[in-house]
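First comes the structure, then the notes that go with it.
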Amino acid sequence: MNLYKRNLLTLLDFSPEEINYLLDLAAELKDAKKRGIKTNVLEGKNIVLLFEKDSTRTRCAFEVAAYDLGMHATYLGPTGSQMGKKESIKDTARVLGRMFDGIEYRGFKQETVECLAKYSGVPTWNGLTEKYHPTQILADLLTIREHKGHLAGIKMAYFGDARYNMGNSLMIGAAKMGMKFAACAPKALWPTEELTNKCKEVAASTGAEIVLTENIEEAIKDADVVVTDVWVSMGEADSVWEERIKMLLPYQVNSALMAKAKEDAIFLHCLPSFHNLETKIGMEVYEKFGLDGLEVTEEVFEGSKSVVFDEAENRLHTIKAVIYATMVR
Ligand code: CP
Ligand code: NVA
């Protein structure tokens with residue numbers, strides 16, 4: 001398997017074998033880290049982390065992965081660089097490509113990360129756009145594999161906003177890995193027909209099943225993995241909260257829903273999550289709408305089926321695998 005110099009813009013570009021290879025590599029790197037074995041094979045290399053949106057996990061995972069691999073990482077945040085204001089993405093890409101050996105981008109538009117990849121000439125990794133969140137899905141797949149032993153045939157039920165980065169990318173990941181995927185949401189929040197058809201095509205060759213449904217009973221039945229994401233994503237207007245809550249409250253992941261999944265089902269969430277009143281936005285939503293948990297209740301989030309912190313840790317190991325695979329010759 002050779003992924004040297006490849007970009008990671010969406011998992012649509014990767015074969016099931018390549019994804020499996022990245023997961024195996026992530027597991028190896030995780031094991032090495034736990035044993036204290038050094039993996040500083042990229043000493044002397046430098047990468048840049050471009051963030052137009054906030055981040056805890058993705059930024060820290062890229063930074064720690066870079067340091068563990070012996071590299072230096074430069075962080076450029078939402079303010080402070082010329083990108084997009086005084087300088088085009090195309091020019092920025094060509095400048096950064098002369099200085100750095102790899103580029104991570106998190107921001108608003110998938111086209112931006114595609115443009116960076118096209119003009120920089122160095123491996124470019126998508127750290128979240130409005131459309132896709134591929135590094136998150138690798139962590140999710142590794143977490144499922146760790147808890148369930150395998151991926152093929154595992155049923156993943158996703159509740160919530162299924163037409164944004166997480167819904168789209170989970171459907172792609174499930175299709176690639178031969179999983180059963182049910183996205184459960186009001187029709188207006190389903191992935192586009194174009195992406196769904198692409199995933200169904202992939203599914204035809206991997207044995208995956210892709211179902212979009214408004215029917216909660218159908219989606220939760222026999223689910224091995226229950227997943228959700230925030231109802232309003234970064235970059236969306238605050239004004240959409242009211243409508244989104246109305247649309248998605250019936251699809252909240254709570255104990256009653258979890259009880260209908262398989263007895264040994266696990267709960268995943270990419271995080272950050274609104275499950276109590278310990279956040280500024282959670283508190284604001286509570287004051288306006290009177291809800292103390294949104295996409296997931298505190299009981300499920302803190303419950304024994306929740307593996308969200310294993311999942312968060314796996315961001316590090318999977319991102320390290322992506323950097324390693326695309327940068328080590
Ligand atoms: N899951 C995820 O991408 O988290 P951050 O926004 O903290 O990077
Ligand atoms: N859908 C969320 C994912 C955060 C990791 C967002 O885009 O804000």
Side-chain angles (χ1 to χ4, degrees), residues 8-11 26 47 49-66 73 75-78 104-110 112-113 125-144 158-173 183 185 189-192 195 227-241 244-245 247-248 251-253 267-275 278-282 284-285 294-296 301 306-320 322-323:
L8 174 55
L9 307 179
T10 161
L11 284 179
I47 63 170
L49 313 177
L50 295 178
F51 281 83
E52 289 178 339
K53 291 175 175 172
D54 294 340
S55 169
T56 298
R57 278 146 290 271
T58 309
R59 176 185 173 175
C60 295
F62 268 98
E63 286 206 18
V64 175
Y75 171 78
L76 292 180
E104 181 275 355
Y105 169 82
R106 160 171 292 196
F108 295 92
K109 294 244 151 285
Q110 181 67 16
T112 305
V113 74
W125 311 292
N126 179 358
L128 177 147
T129 63
E130 87 294 12
K131 259 195 180 153
Y132 305 120
H133 196 3
T135 63
Q136 178 70 51
I137 305 314
L138 291 174
D140 297 358
L141 294 174
L142 181 64
T143 310
I144 296 168
Y158 176 88
F159 295 85
D161 182 4
R163 45 102 246 176
Y164 219 69
N165 41 30
M166 281 306 297
N168 289 343
S169 294
L170 284 166
M171 178 166 73
I172 296 167
L189 298 176
W190 288 2
T192 61
L195 181 63
V227 195
T228 187
D229 183 22
V230 289
W231 290 343
V232 177
S233 284
M234 290 183 281
E236 292 198 280
D238 282 347
S239 56
V240 304
W241 269 110
R244 217 46 80 63
I245 287 173
M247 292 174 96
L248 288 174
Y251 300 88
Q252 180 188 60
V253 177
F267 170 71
L268 294 183
H269 190 312
C270 64
L271 309 182
S273 157
F274 298 119
H275 56 92
E278 291 169 23
T279 64
K280 185 167 170 271
I281 294 176
E284 281 167 13
V285 172
L294 296 175
E295 73 276 4
V296 57
F301 187 92
S306 173
V307 296
V308 296
F309 296 107
D310 291 349
E311 184 185 4
E313 179 192 329
N314 282 337
R315 298 299 307 286
L316 168 63
H317 310 300
T318 44
I319 281 172
K320 196 185 288 175
V322 169
I323 297 175

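The structure displayed is predicted, hence computed values, not measured ones. Numbering of ligands and ligand atoms starts at 1, following listing order.
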Practice problem: Could you give me the CA-CA distance, side-chain angles and deciding distance for Glu104 and Asn126, then say whether side chain to side chain donor-acceptor pair (under 3.5 Å) is met? | Solution: CA-CA 6 Å; Glu104 181 275 355; Asn126 179 358; over 6 Å; no

Quiz item: Nearest to atom 4 (C) of ligand 2, what protein heavy atom do you find, and at what distance?
Solution: Leu128 CD1, 3.8 Å

Quiz item: Taking distance alone, with no angle check, do Cys270 and ligand 1 share an N/O pair under 3.5 Å?
Solution: yes

Quiz prompt | Over all atoms of both residues, closest heavy-atom pair of Ala66 and Ile47 | solution = CB-CD1, 3.8 Å

Self-check item: Contacting atoms of ligand 2, where contact means under 4.0 angstrom from a heavy atom of Met234
Solution: 6 (C), 7 (O), 8 (O)

Quiz item: Do Trp241 and Phe274 have their ring centres less than 6.0 Å from each other?
Solution: yes

Practice problem: Consider ligand 2: state whether an atom of it lies below 4.0 angstrom from any non-hydrogen atom of Leu271. | Solution: yes

Quiz item: Would you call Arg163 and Glu236 a salt bridge, taking side-chain N to carboxylate O under 4.0 Å as the test?
Solution: yes

Exercise. Could you say whether the N/O atoms of Met234 and ligand 1 ever approach to under 3.5 Å?
Key: no

Quiz item: Is Tyr164 in polar range of ligand 2, meaning some N or O pair under 3.5 Å apart?
Solution: no

Quiz prompt | Residue part near ligand 2, for Ser233, under 4.0 Å between non-hydrogen atoms | solution = both

Exercise. Using a 4.0 Å heavy-atom cut-off, say whether Leu128 meets ligand 1 through its side chain, its backbone, both or neither.
Key: neither

Exercise. Test the Arg59-Phe51 pair against the cation-pi criterion, namely NZ or CZ under 6.0 angstrom from the six-membered ring centroid and within 45° of the ring axis.
Key: no

Exercise. Number the atoms of ligand 2 from 1 as they appear, then name those within less than 4.0 Å of a heavy atom of Asp229, with their elements.
Key: 1 (N), 2 (C), 3 (C)

Practice problem: Within a distance under 4.0 Å of any heavy atom of Thr56, pick out the atoms of ligand 1 and give their elements. | Solution: 5 (P), 7 (O), 8 (O)

Quiz item: Please state which protein non-hydrogen atom is closest to atom 6 (O) of ligand 1 and give its distance, to 0.1 Å?
Solution: Arg106 NH1, 2.8 Å

